[in-house]
Protein chains: 2
Amino acid sequence: MSELKGGAAAPVRPYIDRDSDQPVYVQLADILRQQISAGAFRPGEQLPSEAMLVRTYQVSPMTVRRAINLLTDQNVVTTVQGRGTFVKAVQLGAAAFDLSDLQAMFSDDAVVKLVEARFVAADERTARKLQIEVGEYAIYIRRLLLIHNEPAFYHRGYLIYDPTRPIVESELEVTVLKGLFDGTGSPLIKRGELSMEAALLTEEEAAILQVSLPAAGWLLEHRFFDFDDKPVSWGWFVCHGDRFRLHTKIGLE
Amino acid sequence: MSELKGGAAAPVRPYIDRDSDQPVYVQLADILRQQISAGAFRPGEQLPSEAMLVRTYQVSPMTVRRAINLLTDQNVVTTVQGRGTFVKAVQLGAAAFDLSDLQAMFSDDAVVKLVEARFVAADERTARKLQIEVGEYAIYIRRLLLIHNEPAFYHRGYLIYDPTRPIVESELEVTVLKGLFDGTGSPLIKRGELSMEAALLTEEEAAILQVSLPAAGWLLEHRFFDFDDKPVSWGWFVCHGDRFRLHTKIGLE
DNA sequence: AAGTGGTCTAGACCACTAT
DNA sequence: TAGTGGTCTAGACCACTTT
């Protein structure tokens, strides 16, 4: 009867199913999101008040609150105290690219080949980044990450050399690179700074990645700190531009 | 007495200030985060149970819940029903780069110069992307974004031509580009797909951006959909690799 | 004054995990 | 069985905005 379009049933029904395995607040958020998506509330427009939603859907104020909070977290609506809840317009600046695609590549058929590992005396920049003295020793490592036997990532980095902390040995292993992505890595690391750049590959980088020049690539610079807030490593992942893209979506659906 | 290190006072006190303007749940989350950051709970270790926190800090279960939820949202802890709450290890794969840096550039001293706008017959790829027929007309626009009078972004794109919807005129304006970033843009757009690539600039791109070849740059491809889920535009922002970097942090602090 | 979102309570009940 | 997180209630009180 109410099937306006003769297709599949609507994925979200406009009422709360008390026996569902989905929490009520998730159901309510889904209902509202679906209504916004269908155009019932346009960007800039006001949603029904929380009190109204409480009456409409017969749930407690706290549950409505949680549903609305979900939508604010998802960048779908904004709330203004004393005024109401409003639908947000799509915002390019809110787009976020995460490294899960990269993570997927690592969990694949990945093999790390250690190209070089040696002690080096820190130059001015390295010393500053690792917060050590110029001329102090650090460990310089170069590694190549092969995926399906093809060179995919070239990693160079400096590691703090501290005989009292056995972080160095483990850092050389494959597992650490993987662990960095999936969170099974060293519990000694407290935080990290990352920055990403698009740049021309150097001759060395192109040679080791087996691409011909000129070529563009990603440079992912990273620095990690321990729980004393002291740097433990600084380096770059380099990857040919053709080898991956970052993807994301904004808005609804 | 309890000043172990004779420095500044600790920024977060290990108790709840009922008169603070910060909500209790935020204060509690801060306390726990600070304790984790200080090494009181290491990655993998278990936090005190919620019941324990209720007793310790004299707050209601719901308030503890909100504090813990904050920390899970911030990727600091994970909860496992029936087992407990555990500190997360730093996870590279969870790193997310957002375009707020880019947004900042747009809100600066930005001027859009319309380079070209004309009707084109859609080729196979354009037709597919805009979900129109091959040979149907679309609008092709090229724009240059100047920041402090320097060419910064080169934007090319195809727009749906639909006389019934006056989206075209407004799309040509500066405000739309800005609005896309800050969310004041068209309320007609429901969602978008974005993808980012590192690539060599073409001769045309390099010329218009006034850089010499070879050069590497960012390609930000975007496609936007209206509330009928029909594509309204498809295009790319191109930018010289030196002109910006993406930054982010993972872990605590 | 009336209406809005924001916080917080003090419990109840449930689902899951360990022992 | 005891302990854990997860949901939900039915209100109270507050801060803010609009009329």
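Letters go in sequence order (proteins before strands), and every chain restarts at 1.
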Indicate whether OP1 or OP2 belonging to [N] is found under 4.0 Å from a side-chain N or O atom of [X].
{"X": "A/Ser60", "N": "D/dA10", "value": "no"}
{"X": "B/Thr63", "N": "C/dT7", "value": "no"}
{"X": "B/Arg83", "N": "C/dA18", "value": "yes"}
{"X": "B/Tyr25", "N": "C/dC8", "value": "no"}
{"X": "A/Arg66", "N": "D/dT7", "value": "yes"}

Quickly work out the [X] [atom1] to [N] [atom2] distance and round it to whole Å.
{"X": "B/Leu53", "N": "C/dC8", "atom1": "CG", "atom2": "P", "answer": "15 Å"}
{"X": "A/Arg18", "N": "C/dC13", "atom1": "CZ", "atom2": "P", "answer": "15 Å"}
{"X": "B/Leu70", "N": "C/dT7", "atom1": "CG", "atom2": "P", "answer": "10 Å"}
{"X": "B/Leu32", "N": "D/dG5", "atom1": "CG", "atom2": "P", "answer": "12 Å"}
{"X": "B/Gln46", "N": "D/dG5", "atom1": "CD", "atom2": "P", "answer": "7 Å"}
{"X": "A/Asp21", "N": "D/dT7", "atom1": "CG", "atom2": "C1'", "answer": "14 Å"}
{"X": "A/Arg55", "N": "D/dA10", "atom1": "CZ", "atom2": "C1'", "answer": "15 Å"}
{"X": "A/Gln22", "N": "D/dC8", "atom1": "CD", "atom2": "C1'", "answer": "16 Å"}

Is the distance between the ring centroids of A/Trp218 and B/Trp218 less than 6.0 Å?
yes
Between C/dA10, C/dG5, D/dG5, which nucleotide has the shortest distance from any of its atoms to the side chain of B/Ser49?
D/dG5
Nearest to the side chain of A/Pro61 - C/dT7, D/dG5, D/dA10?
D/dA10
Are more than 12 heavy atoms from other residues, nucleotides or ligands located less than 6.0 Å from atom CG of A/Asp17?
yes
Give the ring-plane orientation class for A/His222 versus A/Phe237, where under 30° counts as parallel, over 60° as perpendicular and anything between as tilted.
tilted
Between A/Gln58 and B/Thr79, who's closer to the 5' end of DNA chain D by nearest nucleotide?
B/Thr79
Closer to the 5' end of DNA chain D via nearest nucleotide, is it B/Thr85 or A/Gln81?
B/Thr85
On DNA chain C, does the nearest nucleotide to A/Pro48 precede the nearest nucleotide to B/Val80 from the 5' side, or the other way round? Give the residue.
A/Pro48
Judged by atom type as modelled, is there a donor-acceptor pair below 3.5 Å linking the side chain of B/Arg223 to the main-chain atoms of B/Lys129?
yes
Hey, are A/Lys190 and A/Asp228 close enough for a salt bridge, meaning a charged N less than 4.0 Å from a carboxylate O?
no
